[in-house]
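Just so you know, these numbers come straight off a predicted model, no measurement behind them. To find a chain, count down the sequence lines: A is the first, B the second, and so on, and within it residues start at 1.
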Amino acid sequence: MVKLKSNDDKEFEVEEAAVIQSEMIKNMIEDGCATSVIPLPNIDSKTLIKVIEYLNKHINMGKAAETGEEDDLKEFDEQFVNMGWEELFDVIMAANYLNIHELMELCCQSAADRLKNKSVRAVREMLKITNDLTEEEEQEIINDAPWAFEGPEIDDTVN
Amino acid sequence: MNIINNLSSSKRVTTLVDLPIDIIINVLQRLPFHSLFLFNFICRSWRALLYSRQIACHMKQISDTKCTLMRNIGYSSWYKEDEIICRFKIPVELQSPELMLKPINGILCIIGPILSHVTYVYLWNPLTNEFKTLPRSKVQMGYVAISFGFGYVHTTDDYKVLRVIKHERKGDSHVEIYSLNQNFWRGVEDSCSSCKISGNGATSWA
């Protein structure tokens with residue numbers, strides 16, 4: 001077992017087989033630097049719990065294909081990224097720090113899926129962005145690309 | 001301990017543009033061209049992402065689309081699987097016949113009119129509508145440009161245009177290479193050793 005400590009001083013025990021999906025921790029273990037608790041100053045406990053949940057589920061990912069658990073894993077992933085934007089950014093930053101490639105891919109795909117085909121208004125609302133462009137700046141390109149704001153594929157819903 | 005405290009109090013990421021650049025690229029690469037184009041209208045910091053050369057060189061969305069230049073009405077249309085994905089006003093008045101080379105990193109290279117003594121070369125980024133008319137190279141009497149290539153040199157983050165000019169009567173040919181970073185055409189003495197042009201205008205850089 002490997003012990004991880006979040007930046008709000010909470011400790012978590014994780015199986016080595018799960019935690020070595022993090023390249024960063026894997027390297028620490030290989031270098032013999034993981035004998036006691038590993039402090040993770042960039043990650044709060046709420047985010048770390050999510051990351052550990054992911055690591056535990058994906059522990060036997062290689063075997064999933066053989067045992068026909070791929071669908072189960074896919075469903076887990078879909079549920080896993082069902083979180084708010086800020087939470088998603090937290091997990092992305094944690095995956096980046098811990099260097100967990102698969103988790104990063106999953107989260108980046110989720111971010112892209114949320115933005116895909118969304119209207120300008122919807123993106124602003126989802127991410128609480130204030131429009132700081134002047135009318136002239138907007139008109140600059142609007143004139144040359146009126147199609148950008150039309151079409152059935154544009155999704156104006158916020159979710 | 002101080003270091004740890006400082007790190008933990010670092011600002012929380014609340015929007016896309018605050019993420020590390022390689023993660024922003026990872027997300028943006030997954031978006032269709034249309035969604036990426038709308039970044040122009042979200043806010044200043046999102047628009048700035050499209051103008052960043054560090055990011056732009058990873059955006060390949062336009063590269064796998066087909067484009068037609070509709071000169072008569074001044075628009076270019078972009079197709080993917082026979083569906084129009086976007087249309088742009090062409091920022092220059094083109095004279096036929098012109099040629100468009102395979103886009104690189106979302107940058108288009110338009111050339112026209114070909115087989116003429118006065119051939120212009122334009123670089124155009126439809127995502128930002130940035131447009132550049134390349135300087136004319138020194139005119140050499142009797143020569144016409146017969147072939148072009150467009151390439152990107154990763155190590156120097158530079159876009160290059162290559163052209164082969166041939167003398168109409170004498171038949172001898174020369175190669176010239178333009179560098180966007182230097183905004184300058186230079187002749188290539190031993191043209192065969194430095195580059196190879198294949199029939200479709202694609203160029204490999206040695």
Side-chain angles (χ1 to χ4, degrees), chain A residues 5-9 39-44 47 85-86 88-93 95-97 104-105 107-124 126-134 137-151 153-155, chain B residues 1-48 50 74-78 83-91 124 126-131:
Chain A
K5 191 163 90 176
S6 64
N7 65 7
D8 44 353
D9 285 331
L40 303 170
N42 291 340
I43 307 174
D44 63 22
T47 308
W85 275 101
E86 290 198 1
L88 182 72
F89 289 139
D90 287 342
V91 176
I92 285 178
M93 291 306 285
N96 187 47
Y97 178 67
M104 180 64 93
E105 293 294 293
C107 292
C108 286
Q109 187 58 52
S110 173
D113 289 344
R114 294 161 192 224
L115 296 171
K116 193 178 168 182
N117 295 335
K118 285 287 178 185
S119 71
V120 170
R121 192 197 67 84
V123 172
R124 282 188 196 140
M126 278 193 300
L127 282 149
K128 303 184 187 74
I129 295 167
T130 316
N131 177 21
D132 55 1
L133 296 162
T134 63
E137 282 172 318
E138 285 189 271
Q139 278 303 322
E140 253 173 52
I141 298 181
I142 246 168
N143 292 338
D144 294 340
W147 54 269
F149 300 88
E150 300 157 1
E153 67 276 14
I154 290 288
D155 177 3
Chain B
M1 229 16 227
N2 274 339
I3 297 167
I4 289 173
N5 284 337
N6 283 343
L7 279 171
S8 61
S9 62
S10 63
K11 207 174 139 246
R12 193 177 179 198
V13 173
T14 55
T15 186
L16 189 76
V17 294
D18 292 337
L19 290 169
I21 195 152
D22 54 328
I23 301 177
I24 295 178
I25 291 168
N26 192 336
V27 175
L28 264 49
Q29 279 176 331
R30 298 166 193 266
L31 288 173
F33 181 86
H34 192 166
S35 294
L36 206 53
F37 182 73
L38 286 181
F39 277 35
N40 275 302
F41 306 97
I42 308 281
C43 66
R44 284 219 171 111
S45 56
W46 283 51
R47 173 185 275 205
L50 303 182
Y75 273 92
S76 66
S77 293
W78 301 78
E83 248 180 72
I84 291 192
I85 59 161
C86 56
R87 272 178 65 177
F88 282 103
K89 198 172 167 189
I90 304 166
W124 178 29
L127 263 184
T128 57
N129 217 16
E130 286 171 292
F131 185 79

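- Here the closest non-hydrogen pair linking D132(A) and R44(B) is OD1-N, 2.7 Å.
- The side-chain hydrogen bond (donor to acceptor under 3.5 Å, both in side chains) pairs that include a residue from residues 17-31 of chain B are E105(A)-N26(B), E105(A)-R30(B), Q109(A)-R30(B), N26(B)-R30(B), where partners are two or more places apart or lie in different chains.
- Note on ring orientation: taking the six-membered ring where Trp is involved, the planes of F37(B) and F33(B) are parallel (angle under 30°, cut-offs 30° and 60°).
- N7(A) approaches N42(A) most closely through the heavy-atom pair ND2-C, 4.1 Å.
- Ranked by heavy-atom pairs shorter than 4.5 Å toward chain B, the options N117(A), L88(A), L133(A) are led by L133(A).
- The parts of K116(A) that come within reach of chain B are both its backbone and its side chain, each placing non-hydrogen atoms under 4.5 angstrom from that chain.
- Using a 30° and 60° split on the angle between ring planes, F39(B) and W46(B) fall in the tilted class, from 30° to 60°.
- Contact count against chain B (heavy-atom pairs under 4.5 Å) is highest for I129(A) among N131(A), D113(A), I129(A), L127(A).
- Per-residue counts of heavy-atom pairs under 4.5 Å with chain B were compared for R121(A), E137(A), M93(A); the largest is that of E137(A).
- Taking M104(A), K128(A), K118(A) one by one and counting their heavy-atom pairs under 4.5 Å with chain B, the maximum is reached by M104(A).
- For the set D44(A), L115(A), T130(A), the entry with the most heavy-atom pairs within less than 4.5 Å of chain B is L115(A).
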